[in-house]
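Quick notes on the structure that follows.
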Amino acid sequence: MTSPRPSATPLRRVADLLFRHQLQLRWRGGPQLALVDRQAAAGPPPEVLARARAQAELERMCADLAAALDAIPGMRDELRALAFVEHALATQGLAALGQVTLAVLGRALDEFENLVSNWSPAGLAALRSRMSVAVQSRAQHEDVFEDGQIPVSQPVSRRRAPVSEPVD
């Protein structure tokens, strides 16, 4: 076996520096070229960013829901299912939508749709969407309702009143 040539080692180091790093032009009293580590320049990994985005979305949902419930004093006492879901979201995160019973979640969604008329806050719209999807998907797999109906389908403004049969 032959030992590596001494001149190959510095050349290999230069090649490693050029291919593992990128050049960055800085201006500190004049133009300067600097080698920047690609991994350090890339920032946090995508998993960390996704977790941070999900946490920020959860906080926005909780804050918007709390603002909607705080708009009228005593609303939490009347909308108990929605208040329960609010507390569960604050303590368990979005996993609470899978932990709360389907009947309570369906009632909370109905109360939520009756409470909110302006869905422009992003947190309210996202929470309604998540709750609706959770109720719909869980209702397909769980047989909880006696009458076989799912308590959500459309916003309150688009629900139709039941048609009564004419009396002879």
*Evaluate the side chain to side chain donor-acceptor pair (under 3.5 Å) criterion for residues Glu59 and Gln55: first the C-alpha distance (whole Å), next the side-chain angles of each, then the deciding distance (0.1 Å), finally the verdict.*
CA-CA 6 Å; Glu59 290 172 1; Gln55 184 63 31; 3.2 Å; yes
_Test side chain to side chain contact (heavy atoms under 4.5 Å, CB included) on Phe112 and Leu127; report intermediate values, then the result._
CA-CA 10 Å; Phe112 191 36; Leu127 181 58; 4.1 Å; yes
*Does the pair Leu82 and Leu65 meet the rule for a side chain to side chain contact (heavy atoms under 4.5 Å, CB included), with working shown?*
CA-CA 9 Å; Leu82 187 58; Leu65 178 59; 4.1 Å; yes
*In sequence, state the C-alpha distance, the side-chain angles, and the governing distance for Arg138 and Leu105, and then conclude on side chain to side chain contact (heavy atoms under 4.5 Å, CB included).*
CA-CA 10 Å; Arg138 287 178 58 191; Leu105 188 61; 3.9 Å; yes
_I'd like to know whether Met131 forms a side chain to side chain contact (heavy atoms under 4.5 Å, CB included) with Leu97, so could you lay out the CA-CA distance, the side-chain angles of the two residues, the decisive distance to 0.1 Å, and finally the verdict._
CA-CA 7 Å; Met131 288 175 69; Leu97 298 179; 3.9 Å; yes
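Counting heavy atoms from C-beta outward, Leu102 and Val135 have side chains that approach closer than 4.5 Å. Side-chain contact between Gln136 and Gln140 is absent, with no heavy-atom pair separated by less than 4.5 Å. Contact of the Leu79 side chain with the Asn114 side chain is not registered, since no non-hydrogen atoms from C-beta on lie closer than 4.5 Å. Counting only heavy atoms from C-beta outward, the side chains of Leu94 and Met61 approach each other to under 4.5 Å. For the pair Asn118 and Leu124, the minimum side-chain heavy-atom distance is 4.5 Å or more.
Clustering ILVMFWY residues whenever any of their side-chain heavy atoms sit less than 4.5 angstrom apart, transitively, puts Leu89 in a cluster other than the one holding Val133. Under the 4.5 Å side-chain heavy-atom criterion for Ile, Leu, Val, Met, Phe, Trp and Tyr, Val85 and Trp119 are members of the same hydrophobic cluster.
Between the side chain of Arg80 and the backbone N or O of Asp77 there is at least one donor-acceptor pair closer than 3.5 Å. With hydrogens and angles disregarded, no donor-acceptor distance shorter than 3.5 Å links the side chain of Ser132 to the backbone of Ser129.
Counting all heavy atoms, side chain and backbone alike, Gly93 lies closest to Leu58 at CA-CD2, 3.6 Å. Closest non-hydrogen pair, Ala96 versus Ala88, comes out as CB-O, 3.5 Å.
For Arg76 and Glu86, the salt-bridge test passes: some basic side-chain N is under 4.0 Å from an acidic carboxylate O.
At most 12 non-hydrogen atoms from other residues, nucleotides or ligands lie less than 6.0 angstrom from CD of Glu78.
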